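In what follows, residues are counted from 1 in the order of the sequence shown. Just so we're clear, the structure is a prediction, and the values are computed from it rather than from any experiment.
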Amino acid sequence: MRLGKLYSPDEIVRDFHDGQTLVLGGFGRYGNPENLIDLCIESKARHLTVIKLNISEPGYGEAKLISEGVVDKIITSHMNYNKEAMSLYEAGKLEVEFCPMGTIAERLRAGGAGIAAFYVQTGMGTGIEKGKDIKEFDGKKYMMETALTGDVALVRSRVADPLGNLAYHGTNENSNPLVAMNNSTLTIADPDMILEIDEIGIDKIATPGVYLDKILEM
């Protein structure tokens, strides 16, 4: 009988399919759900879209997916750390939607909150505003940004329990709580450790288990 939300790597690998949009926690090389990304590579899923605050340098996180040639599109704030991704973009082999970091974070939060769209000033007067709805509020122009959600959200935590409650430590707590609450169709956590129920401590739980569908049990 299954205990809570714990799933084996062999079970998780079957959750990845061609054409999915992946929402990834982490910032640069830190806090990436590395084990889950490795399982995605193992699944042979292709034509993926990746949403992440920024793109890691080669060898870390979603950069491994880019190196495997399975990513068609990226939505991110920047990818200056990754020359491989920049070369693919410049050669027209990788579609990139650039979005200011604060805005992409808010688009992810809006996805989890059920907010379809919102208006911001950030990026006004730049190429980012091209094709977007522009409105004026109190004499200032704002552009509309739409919410972001995914097919699969992958998060990294320090600890998890079988019910899916998560706690973070250090740089793991960058964008991971935000991604965990994004309301993607499927949300999977990659914890460093799995503790017993009630062992985390209710005051230490940062992401309640209600937001998680599966926990990777290595």
Side-chain angles (χ1 to χ4, degrees), residues 17-28 30-33 40 45 47-56 61-63 65-66 70-82 85-86 88-156 173-188 206-208 210-213:
H17 306 286
D18 290 355
Q20 286 179 325
T21 295
L22 307 183
V23 182
L24 303 182
F27 187 86
Y30 303 104
N32 292 307
C40 183
H47 303 299
L48 303 174
T49 295
V50 167
I51 303 173
K52 189 168 182 272
L53 290 190
N54 72 333
I55 298 304
S56 307
E62 73 295 330
L65 294 171
I66 295 170
V70 300
V71 178
D72 287 356
K73 180 179 179 179
I74 293 170
I75 301 175
T76 190
S77 64
H78 72 89
M79 52 187 191
N80 297 342
Y81 302 141
N82 194 312
M86 288 296 296
L88 290 169
Y89 169 58
E90 291 169 355
K93 297 179 180 179
L94 180 65
E95 182 181 354
V96 181
E97 178 184 336
F98 289 108
C99 182
M101 191 173 296
T103 302
I104 196 171
E106 184 65 8
R107 292 176 73 185
L108 290 170
R109 190 198 70 81
I115 298 170
F118 55 92
Y119 286 85
V120 294
Q121 277 194 299
T122 307
M124 287 298 305
T126 73
I128 294 172
E129 72 176 39
K130 184 178 179 180
K132 295 182 180 177
D133 184 50
I134 308 296
K135 289 192 182 301
E136 189 172 301
F137 299 94
D138 296 326
K140 298 179 180 179
K141 290 184 178 180
Y142 293 75
M143 75 176 79
M144 187 179 78
E145 294 282 5
T146 55
L148 289 172
T149 58
D151 298 302
V152 185
L154 307 180
V155 303
R156 171 85 173 273
E173 197 172 7
N174 40 51
S175 65
N176 280 296
L178 181 68
V179 170
M181 300 173 68
N182 174 247
N183 198 31
S184 291
T185 304
L186 177 66
T187 302
I188 311 172
T207 301
V210 68
Y211 291 105
L212 272 294
D213 298 297

Holding to side-chain contact (heavy atoms from CB on, under 4.5 Å), I want the full list of residues that pass it with Ala85, two or more places apart in sequence or in another chain. Ile66, Met79, Asn82, Leu94
Donor-acceptor contact present, side-chain Thr76 to main-chain Lys52, <3.5 Å: yes
Nearest-0.5 Å distance that lies between atom CG in Leu53 and atom CD1 in Ile75: 12.0 Å
Rounded distance [0.5 Å steps], OG1 in Thr149 versus CD1 in Ile51: 7.0 Å
Which residues pass the salt bridge (charged side-chain N to carboxylate O under 4.0 Å, His left out) test with Glu95, not counting sequence neighbours? Lys73
Side-chain heavy-atom pair Met143, Met124 within 4.5 angstrom cut-off: yes
Enumerate the residue pairs fulfilling side chain to side chain donor-acceptor pair (under 3.5 Å) with a member in residues 112-132, sequence neighbours excluded, ordered by first and then second residue. Tyr119-Asp133, Lys132-Glu145
Among all residues two or more places apart in sequence or in another chain, which pass the ring-ring contact (aromatic ring centres under 6.0 Å, His included) test with Phe118? none
Non-hydrogen side-chain atoms of Cys40 and Leu48 separated by less than 4.5 Å: yes
Over all heavy atoms of both residues, which pair between Gly111 and Ala147 is shortest? Give the atoms and the distance, please. N-CB, 3.7 Å
Treating Asp151 as the side-chain partner and Thr21 as the backbone partner, does any N or O pair qualify as donor plus acceptor under 3.5 Å? yes
So which pairs with a foot in residues 178-187 pass side chain to side chain donor-acceptor pair (under 3.5 Å), sequence neighbours left out? Asn182-Ser184
Apply ring-ring contact (aromatic ring centres under 6.0 Å, His included) to His78 and list each qualifying residue two or more places apart in sequence or on a separate chain. Tyr81
Which residues share a side-chain hydrogen bond (donor to acceptor under 3.5 Å, both in side chains) with Ser175, sequence neighbours left out: none
Across all chains, not counting sequence neighbours, the ring-ring contact (aromatic ring centres under 6.0 Å, His included) partners of Tyr211 are none
Spacing of CZ belonging to Phe98 relative to CD1 belonging to Ile104, to within rounding of 0.5 Å: 10.5 Å
Quick one: CD1 on Ile115 to CD on Glu106, what's the gap to the nearest 0.5 Å? 7.0 Å
Measuring from atom CD of Glu62 to atom CD1 of Ile74, what distance do you get when rounded to the nearest 0.5 angstrom? 7.5 Å
Between Leu24 and Val179, is there a side-chain heavy-atom distance shorter than 4.5 Å? no
Do the side chains of Leu22 and Leu65 get nearer than 4.5 Å, heavy atoms only? yes
Could I get the full list of salt bridge (charged side-chain N to carboxylate O under 4.0 Å, His left out) partners for Glu173, not counting sequence neighbours? none
All side-chain contact (heavy atoms from CB on, under 4.5 Å) counterparts of Asp72, not counting sequence neighbours: His47
Distance, nearest 0.5 Å, that separates CG of Leu88 from NZ of Lys93: 7.0 Å
With distance as the sole test, does Asn176 use its side chain to make a donor-acceptor pair with the main-chain N or O of Val155 at under 3.5 Å? no
After noting the C-alpha distance and the side-chain angles of Val152 and Ile188, does the key distance pass the side-chain contact (heavy atoms from CB on, under 4.5 Å) rule? CA-CA 7 Å; Val152 185; Ile188 311 172; 4.1 Å; yes
Kindly write out the residues that satisfy side-chain contact (heavy atoms from CB on, under 4.5 Å) with Leu178, not counting sequence neighbours, or none if the list is empty. Ala105, Leu108, Arg109
